[in-house]
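Quick notes on the structure that follows.
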Protein chains: 2
Amino acid sequence: MTPAIKSIFKSISPFTEEELNFLEPYIKPVVLRKNETLIAEGQICKHIFLVEQGCLRNFYNNDGSDVNLNFTMEGQFFTSFESYANREPSKIIIQAMEKSLVWIINSRAFPKEHEYYTTFSTFIRRLFIRLLLTTEEHHNMMRMNTPAERYEYILKNKPEMIQRIPLTHVASYIGITRETLSRIRSNSY
Amino acid sequence: MTPAIKSIFKSISPFTEEELNFLEPYIKPVVLRKNETLIAEGQICKHIFLVEQGCLRNFYNNDGSDVNLNFTMEGQFFTSFESYANREPSKIIIQAMEKSLVWIINSRAFPKEHEYYTTFSTFIRRLFIRLLLTTEEHHNMMRMNTPAERYEYILKNKPEMIQRIPLTHVASYIGITRETLSRIRSNSY
DNA sequence: CGGGAGTTGTGATATATATCAAAAAATACT
DNA sequence: AGTATTTTTTGATATATATCACAACTCCCG
């Protein structure tokens, strides 16, 4: 567990140094190549993940075409929530968009009887609330705004997304075709 | 706490009879008249609610026009999640569509040190997961389907909604105008 | 029981965005 | 560096749904 990762954990819940050390065995790093799949469609997602370096894409497949739900970058957590919570096959696919370093949190293996369990479960609860508020915010944004406004919103609130992620994927993230996004950007609309 | 309410609680988490009795002081019924507002825009939502009788509507206002997010009926829980979780003013308005009997759960007042706290907090966690999976399911359904398919989905999976809720509101719930819904129903599309 | 508000249906028209097609630009690969 | 692949842009056209206007129906409530 690198210092950077420790401080990300601390930013969610006030862990002591001992508690973080105790977490060590439940956390493992993995390196993903560009376009490598972390969670495939139909697979059961049993972990929560944290990006140390790189960029991941959460999306589902709607007869043939991708629908992007989220992009996760440095310092952010993610999972296939429905699959994780209900222990059912994931509808969501998770893929690295670049070569990425990801930490796998084996949250289910944490011993329930341990004295640190309360701290840990508070952490997990907060994580979930964060994840779900993020998706809810995105959905509301989608429903309240026109395509052009949605693009403006991303530009203003998530500018790193425009710099780093191919516009084709951004377009699907804001629910329009890449052609329409291109026209919005060139001010045709 | 009526037997019906007790059994709804038990369906979420395995409460003992004593635990349910202990909950009593944290739960209060309220009767709402038709169109009465339970949570106004800007108000901080501090409770979780359970419908015993009637029907409630969660919606927000997008310059002048309502956008319906959810309808809650007998046996279902609801809250303004963002407001509750972040203790911030609610963007969502909650209103009774009919005369309704609603139980107010004062979850924040439950004593943290009490021996029943673990059971109670598991219950709350499960409730939240349910609520959030419901909204996520709805959002995904909206993104995957055409207006006609969305109507078919409601007809198949939530038929009571069509029977009980004015079509104007259902239309906004599935993200179309009432005219378009009317045409879908008459098979013009 | 009758009038008025609220709800639903129908028609005509406008418009935003998808779709199809292909060129141009950027990026990755050997 | 030079070719191949991917990404973005531009253009022409189609189409679904919104919008506007108003008629028909439903159902409370006095």
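Reckoned from all heavy atoms, side chains included, excluding hydrogens, waters and symmetry mates. Being a predicted model, the structure only gives us computed values, none of them experimental. The sequence lines fix the lettering, A, B, ..., with proteins before strands; numbering per chain opens at 1.
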* Kindly say whether the aromatic ring centers of A:Tyr151 and A:Tyr173 come within a distance under 6.0 Å. => no
Can you figure out which of [options] approaches the side chain of [X] most closely?
X: B:Arg183; options: C:dT7, D:dT7, C:dG11; answer: C:dG11
X: A:Lys34; options: D:dA21, D:dT8, C:dA28; answer: C:dA28
X: B:Arg185; options: C:dG9, D:dT9, D:dT10; answer: C:dG9

Could you give the [atom1]-to-[atom2] distance, from [X] to [N], as a whole number of Å?
X: A:Ile162; N: D:dT8; atom1: CD1; atom2: C1'; answer: 13 Å
X: B:Asn35; N: C:dG6; atom1: CG; atom2: P; answer: 9 Å
X: A:Gln163; N: D:dT8; atom1: CD; atom2: P; answer: 14 Å
X: B:Ile184; N: C:dT10; atom1: CD1; atom2: P; answer: 14 Å

* Asked: Has B:Arg108 got its NZ or CZ under 6.0 Å from the middle of the six-membered ring of B:Tyr26, at an angle within 45 degrees of the ring axis?
  -> no
* Assess A:Arg57 against A:Phe59: is NZ or CZ under 6.0 Å from the centre of the six-membered ring, and within 45 degrees of the ring's axis? =>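 Yes, cation above the ring, under 6.0 Å and within 45°.
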* Comparing A:Pro147 and A:Glu179 on DNA chain C - which has the more 5′ nearest nucleotide -> A:Pro147
* Using 4.0 Å as the upper bound for N to carboxylate O, is an ion pair formed by B:Lys91 and B:Glu82? ->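 Answer for the salt bridge query: yes.
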* Asked: Which is true for B:Leu181 with a 4.0 Å heavy-atom rule: it touches a base, it touches only sugar-phosphate, or it touches nothing?
  -> nothing
* May I ask you to say what A:Thr177 touches in the nucleic acid, namely base, sugar-phosphate or nothing, with a heavy-atom cut-off under 4.0 Å? =>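 Counting heavy atoms under 4.0 Å across all strands, the contact made by A:Thr177 includes a base.
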* Asked: Within the structure, does a side-chain N or O atom of B:Thr168 lie under 4.0 Å from either OP1 or OP2 of C:dT7?
  -> no
* For C:dA18, does either OP1 or OP2 sit under 4.0 Å from a side-chain N or O belonging to A:Thr180? ->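 Checking C:dA18 against A:Thr180, a side-chain N or O does come within under 4.0 Å of OP1 or OP2.
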